[in-house]
Amino acid sequence: LNDVEHLACDVLVIGAGGAGLRAAVEARLAGKTVIVISKSLFGKAHTVMAEGGAAAAMGNVNANDNWQVHFRDTMRGGKFLNNYRMAEIHAQEAPDRIWELETYGALFDRTPDGKISQRNFGGHEYPRLAHVGDRTGLELIRTLQQKLVSLQQDDEAAGEGEAKLQVIDETTITELFIEQGKVKGAFGYRRGTGRFMAIAAPAIVLATGGIGRSFKVTSNSWEYTGDGHALALRAGASLINMEFIQFHPTGMVWPPSVRGILVTESVRGDGGVLKNSEGERFMFNYIPEVFKAQYADNPEEGDRWYTDPDSNRRPPELLPRDEVARAINSEVKAGRGTEHGGVFLDIASRRSAEYITERLPSMYHQFKELADVDITSEPMEVGPTCHYIMGGIEVDPETASSKVTGLYAAGEVSGGMHGSNRLGGNSLSDLLVFGKRAGEFAAEHATATEAPKLTDEEIAAAQTEALRPFGNDGENPYELQAALQAINGRLVGIIRKAPELEEALAELEALKPRIDNVTAVGGRAYNPGWHLALDLRNMFVCSVATAKAALERDESRGGHTREDAPGMDPEWRRVNLVAALDGGEVSLTRQDVPSMTPELLGLFDTSELAKYMTPGEYRTEAEDA
Ligand code: FAD
């Protein structure tokens with residue numbers, strides 16, 4: 001225990017992406033002492049990778065936009081499984097959170113009359129995404145970092161600028177300390193030295209992002225191993241709707257080191273087409289009945305659309321993301337994939353080299369530098385990539401509080417806001433809106449709570465657990481991660497069916513003792529094998545929660561497609577699947593999705609509600625109004 005660094009604060013924020021930084025700002029502004037912990041380097045979180053923008057109904061480009069329309073779009077996108085109150089708060093508060101960022105020093109792109117510019121994006125009725133070119137996330141993180149630095153100046157005169165707001169990066173939290181159902185601190189290690197750290201805090205905000213690394217092919221970077229989801233579960237909190245995972249249709253598939261990195265939808269928007277290994281432009285075989293009126297059924301008409309969209313239907317390569325992802329998946333499963341398990345995305349044979357390098361400069365460089373592929377003369381190999389998890393920690397919509405006293409969650413790690421499918425741009429606004437609320441209510445809780453004390457026994461137990469892989473005689477963590485990813489990719493991916501999900505659960509069960517016995521070799525300093533060994537149990541428990549929920553929900557909705565249960569079932573729309581730990585095992589219970597208020601139901605046509613809800617639900621509620 002001599003080797004453990006002891007710290008204390010009022011509000012501990014775990015994660016330094018947009019949600020964590022916004023929470024930290026709010027808690028510090030409320031007068032609390034704050035520590036922010038980040039697994040990766042400060043400034044390197046997923047938030048920084050976001051390109052498209054942040055959705056907020058400011059109405060700058062189309063004055064018809066307002067929070068009600070944004071709310072409606074979000075509920076439609078989530079197929080009405082969203083926590084309506086979160087979607088309502090999000091739509092109402094997002095504009096203020098964007099304007100506020102400008103008061104912190106952000107500068108968004110402008111309309112000709114000087115307002116914050118907004119762009120169109122899938123599922124949003126009006127241009128709504130506030131953006132900074134194609135690097136909005138970078139501006140968001142840069143601004144929040146700058147705001148944090150400005151809040152670290154209050155004790156500058158005493159030489160303690162950071163005394164009340166400290167950022168500790170390259171540090172991983174492995175345990176939360178809980179006493180009588182309340183949080184009292186966290187335990188972790190510095191990645192560089194391996195030195196342990198125990199932080200006492202009466203309030204904790206989890207803002208650790210997603211779970212993407214449980215899949216082999218993902219747009220997520222190395223640190224997204226579901227740590228916050230698993231920490232919450234082990235602390236006694238619950239996760240909701242873990243079956244809903246968003247797969248983006250086009251990620252890179254080759255070489256292995258870059259597998260999953262996003263290939264922008266603009267490639268298809270600018271004329272790129274998808275082909276299988278037989279050279280067939282296969283998307284024409286995958287136009288669902290409901291979209292037949294809007295999509296061309298032959299290449300000639302599809303091609304004419306690019307120059308004459310008014311007289312022709314759009315090409316099927318531009319169907320919604322889930323449709324394209326499922327089509328690619330089917331081609332590969334049918335043996336018509338590329339050598340590396342993807343399909344071809346070809347723009348080289350359709351546009352001049354000048355056009356491609358001018359319109360898609362970053363894609364050109366991405367493929368040239370990472371894959372040695374010249375996209376002006378060769379096709380790209382692409383395939384679906386795990387991108388985002390809609391499921392997450394169950395939180396109170398007003399306060400972002402989990403079921404555990406003093407434990408809050410915001411951003412991608414929380415659940416409910418996006419229902420079964422997230423609209424592009426709604427994550428950046430989500431993390432600002434609920435990051436602020438989490439910081440505010442965590443600060444309020446800290447004010448009303450005595451400073452906790454950590455005991456030597458609990459710190460020693462967390463240390464023993466963290467060191468366990470060094471004493472084990474099992475397998476190497478990389479092999480076990482590959483085995484876990486293979487199960488998820490093969491059996492819990494884009495298309496699911498009951499027997500495969502049962503197989504996944506059996507295979508995960510068989511993997512458990514191997515993960516429990518995972519082995520780390522070498523010392524504690526700079527040891528990524530040891531780090532991964534500790535992350536594995538988090539990926540494991542999230543994978544079990546996802547597979548169990550996917551087996552239970554025998555319908556298809558948003559990011560969950562069951563081949564053996566196609567179509568949405570209105571009865572299932574009323575159900576949240578809640579995962580908790582029961583004697584160390586993931587248990588699932590069903591919970592009612594909260595009913596929308598009559599005012600909010602009134603924003604939709606009855607004919608639309610009828611597509612999603614059971615008749616009693618909307619009629620009764622509407623009549624009550
Ligand atoms: P993150 O930004 O993911 O940050 C998580 C933080 O937690 C990191 O600091 C990490 O190091 C830390 N952490 C994790 N585990 C631990 C641990 N155990 N201990 C300590 N720290 C830990 N969304 C949009 O709205 N618009 C877009 O245009 C858009 N584009 C995207 C492009 C890409 C390539 C990707 C991958 C995502 C995109 N998204 C977009 C989604 C969006 O960027 C993310 O959902 C969002 O940024 C998540 O923010 P967050 O604050 O919840 O977490």
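Heavy-atom basis, side chains included; hydrogens, waters and symmetry copies ignored. Just so you know, ligand 1 is whichever comes first in the structure, and atom 1 is the first atom listed for that ligand.
- Listed by number with element, the atoms of ligand 1 under 4.0 angstrom from any heavy atom of Thr172 are 18 (N), 19 (N).
- In this comparison of Leu428, Leu262, Val413, the heavy atom closest to atom 24 (C) of ligand 1 sits on Leu428.
- The nearest protein atom to atom 46 (C) of ligand 1, hydrogens excluded, is given as Ser427 OG, 3.4 Å; this is a heavy-atom distance.
- Under a 4.0 Å criterion applied to the non-hydrogen atoms of Gly18, ligand 1 contributes the atoms 51 (O).
- Taking 4.5 Å as the limit, some side-chain heavy atom of Asn538 sits within range of a side-chain heavy atom of Arg234.
- A donor-acceptor contact shorter than 3.5 Å links the side chain of Asn220 to the backbone of His387.
- Of all protein heavy atoms, the one lying nearest to atom 19 (N) of ligand 1 is Ile173 N, 3.0 Å.
- For Phe42, the closest heavy-atom approach to ligand 1 does not fall below 4.0 Å.
- Nearest protein heavy-atom neighbour of atom 51 (O) of ligand 1: Ala19 N, 2.9 Å.
- Relative to atom 31 (C) of ligand 1, the option among Ser414, Gly137, Ala50 with the closest non-hydrogen atom is Ala50.
- Ligand-side atoms of ligand 1 in range of Gly411: 52 (O), range being under 4.0 angstrom from any heavy atom.
- Across Ala325 and Pro384, no two heavy atoms sit closer than the pair O-CG, 3.6 Å.
- Any N or O atom pair closer than 3.5 Å counts here, and Gly53 shares at least one such pair with ligand 1.
- Near Asn426, meaning under 4.0 Å from any of its heavy atoms, are these atoms of ligand 1: 25 (O).
- Ring centroid separation for the pair His418 and Tyr388 comes in under the 6.0 Å cut-off.
- Protein heavy atom closest to atom 13 (N) of ligand 1, with residue, atom name and distance, is Lys39 CB, 3.8 Å.
- Here the heavy atom of the protein found nearest to atom 53 (O) of ligand 1 is Gly209 CA, 3.6 Å.
- When all heavy atoms of Ile459 and Leu454 are compared, the pair lying nearest together is CD1-CB, 4.0 Å.
- A salt bridge links Glu139 and Arg142; the closest N-O separation between the charged side-chain nitrogens and carboxylate oxygens is under 4.0 Å.
- In this comparison of His46, Arg422, Glu412, Met49, the heavy atom closest to atom 39 (N) of ligand 1 sits on Arg422.
- Between Arg119 and Asp109, no side-chain nitrogen of the basic residue sits less than 4.0 Å from a carboxylate oxygen of the acidic one, so the salt-bridge criterion is not met.
- For the pair Ala207 and ligand 1, a heavy-atom separation below 4.0 Å is found.
- When the side-chain hydrogen bond (donor to acceptor under 3.5 Å, both in side chains) test is applied to Ser420, no partner is found at least two apart in sequence or on another chain.
- Contact annotation: the side chain of Val267 approaches that of Met380 to within less than 4.5 Å [non-hydrogen atoms, C-beta and beyond].
- The shortest contact between atom 1 (P) of ligand 1 and any protein heavy atom is with Tyr224 OH, 3.6 Å.
- The Gly425 neighbourhood of ligand 1 comprises atoms 24 (C), 25 (O), 26 (N), with distances under 4.0 Å to a heavy atom of that residue.
- In the vicinity of Ile37, heavy-atom distances shorter than 4.0 Å reach the ligand 1 atoms 20 (C), 21 (N).
- Using modelled atom types, no side-chain atom of Thr33 and backbone atom of Cys9 make a donor-acceptor pair closer than 3.5 Å.
- Salt-bridge annotation for Arg191 and Glu223: absent, with no side-chain N of the basic residue lying under 4.0 Å from a carboxylate O of the acidic one.
- In terms of protein heavy-atom proximity, atom 9 (O) of ligand 1 is closest to Ala16 N, 3.0 Å.
- Under 4.0 angstrom from ligand 1, the non-hydrogen atoms of Thr208 come from both its backbone and its side chain.
- The two residues His229 and Cys542 make their nearest non-hydrogen contact at CB-SG, 3.6 Å.
- Not a single heavy atom of Lys44 sits less than 4.0 Å from an atom of ligand 1.
- Arg259 is linked by a side-chain hydrogen bond (donor to acceptor under 3.5 Å, both in side chains) to nothing, counting only residues two or more places apart in sequence or in another chain.
- In this structure, the side chains of Ile14 and Val205 stay at 4.5 Å or more apart for every pair of heavy atoms.
- Proximity to Tyr388 (heavy-atom distance under 4.0 Å) selects the following atoms of ligand 1: 45 (O).
- For ligand 1 and Ile14, the ligand atoms under 4.0 Å from any heavy atom of the residue are 19 (N), 20 (C).
- Using a 4.0 Å cut-off between heavy atoms, Leu231 makes no contact with ligand 1 at all.
- In this structure, a donor-acceptor pair under 3.5 Å is present between the side chains of Asn426 and Thr74.
- Of the protein's non-hydrogen atoms, the one nearest atom 37 (C) of ligand 1 is His387 CE1, 3.7 Å.
- Within the 4.0 Å heavy-atom shell around ligand 1 one finds Thr171.
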